[in-house]
Amino acid sequence: MAARLKSRLPIAVLCALAVTAGALTYELHADPTAAAKSPDPTARRTRLPSALVDGSGGSAGYRYDRLTGPGRTVVRDNKGAVLATLTDGARTAVLTGPGRTFSEPRTTKSTVVTDNWVRLLPRAWKSGQERAKWFADWLRTYRGSRAPDVFDISLQYVHGAKPRKDAKGVRYAGAAAFGPPKPDGAPSRGLRREKSDFYQYLSTPWTFPDSGTAAPQRGRYGTVDSAGYVRLVYGYRSGYPLFGSDHKGAGLPRTANGMATVGPGVPVIADRRTRPAELDALQPGDLVFFNTARHTGRRLDHAGVYLGLDTEGHPRFISSREESNGPTLGDTGGDSRLDGPGYYGKGLRSAKRL
């Protein structure tokens, strides 16, 4: 049965700034209004008392709602507009900010128009932390901020993205490939090699707490597979802890299957070994996992980041793929949709919130 997701498209607003990175277009809008102001009408709510001004620096002047499925806190301003959504047990926070449009006209006619900004909290959220000083400081820093978030970072690796280097000369961003070509590649088994992690892209050795130091391999510079791309965006760039293997614990495991089965985070769609019937629990920034290859059996073999609904009302994600030779939100080698009869829609199995 095809998955269903209730459509709540964001309101289009006037474009204030347009930045083109090769074939990808990223527009930043001035008006922060959009659908995130309306909470999920199907969720059960509990109103929490408004924060008070106190000497410890609590989050003053805000209102808090509690939602279920999964448990989360919605932060509102004094007019009722949604400012942030915080999920119990997760570090991923979704804030309302300036509207943006993401498109990849080279590979799809669909675009994603959103005012969601996905960022990592310094610690996992739990109800009752609304008045904590650390949260007040964090919210004050990032409310309305245009500093790069998970979405902005993820788009720094698509086709045509310009290279960026740090003070040491390490290229930390720029168009990425999926992996080096196989000399004997065949379409049935893939034309490119997998197993390119984020440190292969960087061409920099990396020491992991569970598996020691890993050295980059010759010929893999600038390449990253689907799990490596998630680790590049959420781990290396955004600061989420990383493991070098599929080890259970606080670090993000190496493979898509490890992330889905033993990795940290809050499950939002359980793996029932078939495509999910409902997608309503998804939130922008969630990790989505797929079973797409016959030779891997029931093992989940692909990972991506959920972006939200596109302009046709379909849930769209971004991931690094062999068919497109790198990160894409387009439709090369399969639509980047989580619904419908496409390659990835049929292969979707589970989702998790870091």
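The salt bridge (Lys or Arg N to Asp or Glu O under 4.0 Å) test applied to Asp77 returns no partner, not counting sequence neighbours. For Arg337, the salt bridge (Lys or Arg N to Asp or Glu O under 4.0 Å) partners two or more places apart in sequence, or in a different chain, are Asp339. Qualifying side chain to side chain donor-acceptor pair (under 3.5 Å) partners for Ser226, counting only residues two or more places apart in sequence or in other chains: none. Under the side chain to side chain contact (heavy atoms under 4.5 Å, CB included) criterion, Val94 pairs with Asn116, Val118, Gln283, sequence neighbours left out. Residues that satisfy the ring-ring contact (aromatic ring centres under 6.0 Å, His included) test with Phe243, not counting sequence neighbours, are His247. Under the rule for a side chain to side chain contact (heavy atoms under 4.5 Å, CB included), the partners of Ser350 that lie at least two apart in sequence or sit in another chain are Ala260, Asp271, Phe289, Leu300. Under the side chain to side chain donor-acceptor pair (under 3.5 Å) criterion, Thr111 pairs with Thr311, sequence neighbours left out. For Tyr142, the ring-ring contact (aromatic ring centres under 6.0 Å, His included) test picks out Trp138, with sequence neighbours left out. With sequence neighbours left out, Asp331 forms a salt bridge (Lys or Arg N to Asp or Glu O under 4.0 Å) with Arg316.
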Run the numbers on Arg237 and Tyr157 for side-chain hydrogen bond (donor to acceptor under 3.5 Å, both in side chains), then give the verdict. CA-CA 12 Å; Arg237 294 292 305 279; Tyr157 302 94; 2.8 Å; yes
Between Phe290 and Tyr343, is a side chain to side chain contact (heavy atoms under 4.5 Å, CB included) present by the stated rule, with each step listed? CA-CA 10 Å; Phe290 306 81; Tyr343 181 72; over 6 Å; no
What verdict does the side chain to side chain contact (heavy atoms under 4.5 Å, CB included) test give for Asp65 and Arg76, after you've listed the backbone C-alpha separation in whole Å, the side-chain angles of each residue and the deciding distance to 0.1 Å? CA-CA 8 Å; Asp65 288 343; Arg76 298 177 179 274; 2.9 Å; yes
Residue pair Val150, Val233: steps toward the side chain to side chain contact (heavy atoms under 4.5 Å, CB included) verdict: CA-CA 7 Å; Val150 167; Val233 171; 3.9 Å; yes
Working note: Leu338 + Leu282, criterion side chain to side chain contact (heavy atoms under 4.5 Å, CB included); need CA distance, chi angles, decisive distance, verdict. CA-CA 11 Å; Leu338 301 178; Leu282 284 175; 3.6 Å; yes
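Under the 3.5 Å distance criterion, with hydrogens and angles disregarded, no donor-acceptor pair is assigned to the side chains of Ser324 and Thr332. Side-chain atoms of Trp117 and Thr96 include no donor-acceptor pair closer than 3.5 Å. Under 3.5 Å, the side chains of Asp301 and Thr292 contain a donor-acceptor pair of N or O atoms. Neither side chain, Thr328 nor His159, offers a donor N or O lying under 3.5 Å from an acceptor on the other. For the 3.5 Å distance criterion, the side chains of Thr274 and Arg272 fail to qualify, holding no donor opposite an acceptor. Side chains of Ser238 and Arg91: a donor-acceptor N/O pair is absent below 3.5 angstrom, by distance only. The closest side-chain donor-acceptor pair between Thr87 and Arg353 falls under 3.5 angstrom.
Under a 4.0 Å N-O distance rule, the pair Lys126/Asp88 does not qualify as a salt bridge.
Within the 4.5 Å cutoff, the side chain of Tyr234 has heavy atoms near those of the Leu287 side chain. At a threshold of 4.5 Å between non-hydrogen side-chain atoms, the residues Leu242 and Phe198 count as touching. With contacts defined as side-chain heavy-atom distances shorter than 4.5 Å, the pair Leu309/His314 does not qualify. Looking at heavy atoms from C-beta onward, Pro327 lies out of side-chain contact with Ser154 at the 4.5 angstrom threshold. At least one side-chain heavy atom of Ile269 sits under 4.5 Å from a side-chain heavy atom of Leu279. Here the side chains of Pro98 and Arg146 are in contact, with some heavy-atom distance below 4.5 Å. Under the 4.5 Å side-chain criterion, counting only non-hydrogen atoms from C-beta, Leu354 is in contact with Tyr240. Between Tyr236 and Tyr199 the shortest side-chain heavy-atom distance does not fall below 4.5 Å.
Between the side chain of Thr108 and the backbone N or O of Glu104, no donor-acceptor pair lies under 3.5 Å. Between the side chain of Lys248 and the backbone N or O of Gly263 there is no donor-acceptor pair closer than 3.5 Å. Put simply, the side chain of Thr68 never gets that close to the backbone of Gly71: no donor and acceptor are under 3.5 Å apart. Judged by distance alone, with hydrogens and angles left aside, the side-chain atoms of Gln200 form no donor-acceptor pair with the main-chain N or O of Val224 at under 3.5 Å. Between the side chain of Ser145 and the main chain of Ala147, a donor-acceptor pair closer than 3.5 Å is present. In this structure, the side chain of Glu130 engages the main chain of Gly128 through a donor-acceptor pair within 3.5 Å. Side-chain atoms of Asn291 never come within 3.5 Å of backbone atoms of Arg349 as a donor-acceptor pair (strictly under, hydrogens ignored).
Listed here is the closest heavy atom pair of Gly304 and Ser319: CA-CB, 3.8 Å. Heavy atoms only, all atoms of each residue included: Leu155 and Ala161 are closest at O-CB, 4.1 Å.
Note: Phe178 and Tyr229 fail the aromatic proximity criterion, with ring centroids not under 6.0 Å apart. Between Phe151 and Tyr306, the distance from one ring center to the other does not fall under 6.0 angstrom.
Two different hydrophobic clusters hold Val262 and Val266 under the rule that ILVMFWY side chains link at heavy-atom gaps under 4.5 Å. One hydrophobic cluster holds both Ile153 and Val170 under the rule that ILVMFWY side chains link at heavy-atom gaps under 4.5 Å. Taking hydrophobic clusters as Ile, Leu, Val, Met, Phe, Trp and Tyr residues chained together by side-chain heavy-atom distances below 4.5 Å, Leu121 shares a cluster with Leu139. Under the 4.5 Å side-chain contact rule for hydrophobic residues, Tyr172 and Tyr221 do not share a cluster.
Screening residues 217-231 for salt bridge (charged side-chain N to carboxylate O under 4.0 Å, His left out), with sequence neighbours left out, gives Asp197-Arg231, Asp225-Arg254. Within the structure, side chain to side chain donor-acceptor pair (under 3.5 Å) pairs that include any residue of residues 201-215 comprise Thr207-Thr213, Asp210-Ser245 (at least two apart or interchain). Sorted by first and then second residue, the salt bridge (charged side-chain N to carboxylate O under 4.0 Å, His left out) pairs with a member in residues 169-180 form an empty list; sequence neighbours excluded.
Distance CZ/Arg298 to CZ/Arg273: 4.0 Å, rounded to 0.5 Å. Between Gln129 atom CD and Arg123 atom CZ the span is 6.5 Å, to the nearest 0.5 Å. Summarising the geometry, atom CE belonging to Met259 is positioned 10.0 Å from atom NZ belonging to Lys352; distances are rounded to the nearest 0.5 Å. If you take CG on Asp335 and OG on Ser110, they are separated by 8.0 Å, rounding to the nearest 0.5 Å.
Taking the six-membered ring for Trp and thresholds of 30 and 60 degrees, His302 and Tyr344 have ring planes inclined between 30 and 60 degrees apart.
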